[in-house]
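This report concerns only the one structure given below.
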Amino acid sequence: MKILITGGAGYIGSHTIIEILENTNWEVISIDNYSSSSEKTYQRIEKITGKKVTYYNIDLTNLSLTEKVFQENTDIAGIIHFAAFKSVPESVENPLMYYHNNLNSLINILKCQAKYNIPNLIFSSSCSVYGNLTELPVTETTPLNKPESPYAYTKQIGEKMVDDFIKTNANLKAISLRYFNPVGAHKSGLNGEVPIARPNNLVPYITQTAIGKLEQLTVYGGDYSTNDRTCIRDYVHVCDIASAHVKALQKLVEDKNFEQHSIINLGTGIGVSVLEAIKAFEKVSNQKLNYKIGPRRAGDVEAIYANNTKAKELINWTPKFNIDEMMFSAWLWEQNLNKM
Ligand code: UD1
């Protein structure tokens with residue numbers, strides 16, 4: 001079975017490719033334009049798995065270039081569409097960049113899915129679609145609130161586009177996976193997140209501060225109405241996220257009666273505050289982190305964590321790793337990255 005991964009050189013894409021190559025006999029082809037990754041990722045994948053990935057350097061907003069991949073590979077059984085911009089603050093500063101890239105690339109992927117008869121699609125969505133919530137944990141039926149950032153809005157629209165489009169063609173199926181906060185790295189310490197510029201996400205910011213690349217971490221907001229006054233998130237190991245993609249795609253391929261478009265939360269169900277995340281890091285790395293409490297960040301929601309029952313029921317997915325293991329693997333990766 002041949003699977004197309006878009007954004008395969010990126011953080012979640014690369015871990016998913018590794019999961020596929022280590023646990024299935026699927027063949028992988030990848031498309032990436034390296035806007036926030038590099039071709040070197042494929043060498044790391046090969047080192048871990050001993051297997052090669054066929055890859056294309058293509059911008060998915062260019063339809064004719066994207067189509068060439070489908071014309072060259074007439075036997076694709078499924079697409080996992082990761083490729084997107086993903087920084088909440090960057091999207092607040094530069095919304096058009098997010099609307100252009102995230103929506104046009106999805107439109108082109110959907111056009112190709114139909115034109116080249118690719119039965120199955122997995123779409124990377126995000127818990128940011130829920131906006132600010134009053135009731136936690138969130139289930140997939142929780143009504144979506146106003147998106148807090150253009151990034152979040154691209155994911156709300158993206159899910160709706162997938163839904164509307166898939167229903168026009170009975171031969172197509174899709175699952176949208178709403179990731180909570182993917183963190184951590186492959187257990188080998190040989191693959192992880194490689195922030196191209198200064199990181200926006202918490203965990204790479206923590207590990208880069210600890211290793212001395214960054215001077216100090218600022219905790220965004222110490223005045224939320226949570227227990228320790230900092231934001232709460234549902235951090236989930238990137239390898240757990242990767243395994244969910246394999247299970248979701250397997251389900252679509254094997255279960256002909258599966259719903260045409262399902263939406264599934266991918267989180268551990270455990271809310272962790274920023275200060276608790278820092279404490280977990282300090283424990284596993286055996287060092288104190290230099291941080292200060294600063295002002296709130298635009299676009300942030302106060303607290304969010306998942307109800308993950310649907311993932312268990314529909315695709316038999318239960319996350320395996322806890323916050324200490326997430327931090328340990330992220331720290332191992334940061335130390336190895338520093339030696340590269
Ligand atoms: C958001 C989305 C998530 C998406 C991710 C992609 C929400 C609720 N979640 O994650 O679905 O996958 O973007 O990037 O919108 N923090 C600090 N200091 C820092 C960096 C972060 O205190 O230097 C805090 C943030 O305020 C937040 C937490 O750490 O409370 C996590 O932030 P981050 O890692 O950036 O992810 P989200 O913005 O939660």
Side-chain angles (χ1 to χ4, degrees), residues 7 10-13 36 82-92 98 102 123-133 136-138 142 144-156 158-159 176-184 193 195-210 213-226 228-238 241 244 263 265-268 271-281 289-306 323 326-327 330:
Y11 175 48
I12 308 178
S36 53
F82 290 107
F85 292 151
K86 63 144 204 175
S87 162
V88 169
E90 187 179 52
S91 79
V92 174
Y98 274 67
N102 291 6
F123 172 60
S124 293
S125 188
S126 155
C127 70
S128 60
V129 298
Y130 291 111
N132 260 312
L133 296 157
L136 290 169
V138 270
T142 300
L144 305 187
N145 278 326
K146 180 178 81 63
E148 289 298 310
S149 66
Y151 163 76
Y153 199 28
T154 67
K155 294 297 177 184
Q156 276 192 0
E159 283 187 6
S176 293
L177 296 174
R178 288 182 181 158
Y179 314 151
F180 281 65
N181 285 59
V183 298
E193 189 163 7
I196 295 282
R198 201 180 175 85
N200 286 311
N201 292 116
L202 179 66
V203 174
Y205 214 104
I206 289 179
T207 56
Q208 287 199 13
T209 305
K213 280 187 201 161
L214 297 171
E215 207 180 310
Q216 190 180 44
L217 170 82
T218 301
V219 174
Y220 294 136
D223 58 351
Y224 285 99
S225 32
T226 57
D228 64 19
R229 317 286 282 166
T230 65
C231 284
I232 289 177
R233 294 288 183 274
D234 185 334
Y235 298 95
V236 48
H237 199 296
V238 67
I241 294 279
I263 292 179
N265 282 343
L266 294 183
T268 61
V272 172
S273 73
V274 179
L275 290 181
E276 285 168 343
I278 292 172
K279 275 192 203 107
F281 175 80
L289 191 75
N290 181 13
Y291 70 89
K292 65 165 190 222
I293 309 281
R296 292 182 179 196
R297 179 174 72 173
D300 265 339
V301 303
E302 176 169 285
I304 188 163
Y305 53 93
I323 188 72
M326 296 175 213
M327 289 296 180

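Heavy atoms only: backbone and side chains are in, while hydrogens, waters and symmetry mates are out. Atoms within a ligand are numbered from 1 in the order they appear, just like the ligands themselves.
- There is no side-chain donor-acceptor pair under 3.5 Å between K146 and N132.
- Of the N and O atoms on the side chains of S125 and E159, at least one donor lies less than 3.5 Å from an acceptor on the other residue.
- When the side chain to side chain contact (heavy atoms under 4.5 Å, CB included) test is applied to Q156, the partners found at least two apart in sequence or on another chain are V129, L144, P147, Y153.
- In terms of the salt bridge (Lys or Arg N to Asp or Glu O under 4.0 Å) criterion, residue partners of R296 (sequence neighbours excluded) are, by chain and number, D223.
- Take L214 and apply the side chain to side chain contact (heavy atoms under 4.5 Å, CB included) test, not counting sequence neighbours, and it matches R198, P199, Y205, Q208, T209.
- For the pair I304 and I232, the minimum side-chain heavy-atom distance is 4.5 Å or more.
- A heavy-atom cutoff of 4.0 Å around ligand 1 is satisfied by the protein residues K86, V88, S126, C127, S128, Y151, Y179, F180, N181, N200, N201, L202, Y205, L217, T218, V219, Y220, C231, R233, Y235, V274, R297, D300, V301, I304.
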